[in-house]
Number of protein chains: 4
Amino acid sequence: MAKINRKDLRRKQIIEAAIDVFGNGNFHEASITEIARKANISEGTIYFYFKNKEDLFFAIPAQKIEEFCEELEFQLEGIQDAFNKLKKYTWFYLFHFKTNPAYARSLMLEMHVNKNFYNSKTSVQSKRATDKALEIIRQGQEEGLFRKDIDEEVIQALLLGMLEYRVTKWVLKDQAYDLLENYGDICEVIFNGIKSSENI
Amino acid sequence: MAKINRKDLRRKQIIEAAIDVFGNGNFHEASITEIARKANISEGTIYFYFKNKEDLFFAIPAQKIEEFCEELEFQLEGIQDAFNKLKKYTWFYLFHFKTNPAYARSLMLEMHVNKNFYNSKTSVQSKRATDKALEIIRQGQEEGLFRKDIDEEVIQALLLGMLEYRVTKWVLKDQAYDLLENYGDICEVIFNGIKSSENI
Amino acid sequence: MAKINRKDLRRKQIIEAAIDVFGNGNFHEASITEIARKANISEGTIYFYFKNKEDLFFAIPAQKIEEFCEELEFQLEGIQDAFNKLKKYTWFYLFHFKTNPAYARSLMLEMHVNKNFYNSKTSVQSKRATDKALEIIRQGQEEGLFRKDIDEEVIQALLLGMLEYRVTKWVLKDQAYDLLENYGDICEVIFNGIKSSENI
Amino acid sequence: MAKINRKDLRRKQIIEAAIDVFGNGNFHEASITEIARKANISEGTIYFYFKNKEDLFFAIPAQKIEEFCEELEFQLEGIQDAFNKLKKYTWFYLFHFKTNPAYARSLMLEMHVNKNFYNSKTSVQSKRATDKALEIIRQGQEEGLFRKDIDEEVIQALLLGMLEYRVTKWVLKDQAYDLLENYGDICEVIFNGIKSSENI
DNA sequence: AATGAATGAGCCTTCATTCAT
DNA sequence: GATGAATGAAGGCTCATTCAT
């Protein structure tokens, strides 16, 4: 058992270094040599734990998404209505990337935009996170809280599109401001739209 | 003048080939050799018209965005209220990428996500397109059509985030469906949000 | 003694795996890892029994040639004249490789052609087999059965050259036919040459 | 036309360096870097003229065999009977390798023994040389000079097997003696076999 | 005796860029 | 203006070998 932990530890050690390096440029700019140096191991060792560069690359979200989903479940516990669940989802989504900026760069600037990733096994895992949003949206529709006349995928796109957009701009601007600063407005506009209520 | 036109023609000829090649993979996968072959010129010639590979890469949106803005102005002509302007903006945004899929791939999967692009001169041009959305939003707020209690940048993120999200997923799915098919729902949800009106 | 036997057993177990793996490609394509896997031991253990990869490689013929010579002596027992001895040699040579195809590949395509092998201790052992042919040739010359006007090494080259040539083509053609099918013709032509007897 | 010659010259320049380097070790031991250095060009240039390392490797016999066949035709001109043709073939075969020792090493120790070579296009070319021997053998059989009761392929194996064997041993012994020194004996034994004529 | 994780040197190959023609 | 041969740096990856356990 001690041995298993050691191997797992090495893997995480390599992934952690990879997040750093991949986060500092794109897939092609990142070099195995640099990852090895940052992880304080030899290049060969990386290939003992990962099949190739892409395998290591996709191992990053594979692990991070699992962490995200686990903590998300924890955060949602005790909340029952879809309104508050979705607000919590929104908050935790932003919080998660705020506290993992290097990973945010990798995910937003590289993976979400990588065709191979989209067809990889990891991407299936990644659906767990977006499916959770869909699940809450459906619950809201059934509870009569969210509109039923709109395709649920459009609603999902509204939510996730906005969130990804904001995280992406944030990393492109070098995380120069607080990602959570407009959290209130974001929820407001998602639920009530941009139209002035004076017009009702 | 004849000479200038000829130079411009060559440039466009190269850019057109570049859109094709860059659209078929990412920046690093695209090769100058292939672009040259597709444009029926030699590699050396490319370096007569463009400083380097990145310069050529960024010349693509520089030209396309100009086209977009020009046609957008034309499409908006005669429309006066912010509501219908924003709907038109939404429609034309989706239409533009629907009819330029290779460019859509390049822009969404590469440029929007490229730090150098973000700091490049071209990116300033690219702001013309997003600023136009902001302008309409502001007009709407002043007209009392759009809410003033929400930061205009959040509203912009709602709109553009969703649009980018949908275009991105569309190219990742190989343009397998009609990008405009949910246009109605998209407008609805932007203006009125996702909350059921039964709850008011 | 039990211990010595155990060591020998391990050695043979490794050599047997090595014959398989080396026979499936060339020296450089064969990997220690694969040999270890096939022998059901770890890579480290191989280095307990053999100094390095080449040492293991050359241990293959060292063992196989010993087997060849032992059985050859047995096959020659009771045969007295050089004619029949040489025919038997020819037959057993072909039979031996027919029944050891993986080893045939290694020996013909790799060792016979390897400078280090030629200068190795194993190669000296390998001379035992070719010397046996020379011995029979000399006996034949003394008995007046074989011509004396021809350098014995040329005769040896005629015999072994042809045999190696046929075994080599056979393994290059993936052992697709019976190596012994032309045994009769082979003997005939060695003894009587290619000239038509009509011309005498 | 000047340009074409220049390209051909470069190719030959690279091939000449490759013969040297490949002749000094095996395929895997030879390095592109060294070939480039010996040819006084950069590594990249090699890849402009050859697809990859193996392509360059096989280009060696592709050229040398052509040279061999051309000169062979020239040497055979004016000789009419199969006897003397075969003797000339034998002589020229040995002469050719005597005067191209580095190539002899490459061909005998590497290519003749390389499965990929055997399946390559070059190998088809290489059949031109061995087919010429077969052609002479058939002519001899028809003229009643060579025996018809022996499979022609066995006769070919007798001839080529012996020749390859002698060239191979010669290069393995570092060309320490004259490859042609036993030429007379070699012809004798091929035509008349090893059996003493006293026995007829 | 045995393991197998770790090493690290070394090699093929790609490709943006240059420059003589 | 245009060509395309030549460059050379850089990087992913393999694998024989070692050594702590």
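Keep in mind that the numbers below use all heavy atoms, side chains included, and drop hydrogens, waters and symmetry copies. To find a chain, count down the sequence lines: A is the first, B the second, and so on, and within it residues start at 1.
A/G23 approaches A/R105 most closely through the heavy-atom pair O-NE, 2.6 Å. Taking all atoms of both residues into account, the shortest heavy-atom contact from C/S31 to C/V21 is N-CG1, 4.2 Å.
Figure legend. F/dG11 is base-paired to E/dC12; pairs are counted as Watson-Crick or G-U wobble with both atom distances under 3.5 Å. In this entry E/dA1 has no Watson-Crick or G-U wobble partner, no candidate having both defining distances under 3.5 Å. For E/dT21, the paired base is F/dA2 (Watson-Crick or G-U wobble, both distances below 3.5 Å).
Closest approach to the B/I41 side chain among E/dA2, F/dA6, F/dT3 is made by F/dT3 (side chain taken as heavy atoms from C-beta onward). Out of E/dC11, E/dT17, E/dG4, the shortest distance to the side chain of B/N52 is found at E/dT17. Among E/dA2, F/dG1, E/dT13, the nucleotide with an atom closest to any side-chain atom of C/S42 is E/dA2.
Closest-nucleotide positions on DNA chain E for D/E54 and B/E54 were compared, and the one nearer the 5' end corresponds to D/E54. Where C/T45 and D/F27 each meet DNA chain E at their nearest nucleotide, the meeting point lying more 5' is that of C/T45.
Using bins of under 30°, 30° to 60° and over 60° for the plane-to-plane angle, the ring pair C/F22/C/F27 lands in the parallel bin.
At the phosphate of E/dT13, neither OP1 nor OP2 sits under 4.0 Å from any side-chain N or O atom of D/K53. Regarding contacts with the backbone of F/dA5, every side-chain N or O of D/Y49 stays at 4.0 angstrom or more from both OP1 and OP2. For B/T33, no side-chain nitrogen or oxygen approaches OP1 or OP2 of E/dC15 to under 4.0 Å. B/R6 has no side-chain polar atom (N or O) that falls below the 4.0 Å cut-off from OP1 or OP2 of F/dG1. Between A/Y47 and E/dT7 there is no side-chain N or O to OP1 or OP2 distance below 4.0 Å.
Using a 4.0 Å heavy-atom cutoff across all strands shown, D/A36 reaches no nucleic acid atom at all.
Between the side chains of A/S123 and A/S120, no donor-acceptor pair is found at a separation under 3.5 Å.
The base of E/dC12 does not come close enough to the side chain of D/E43 for any donor and acceptor atom to sit less than 3.5 Å apart.
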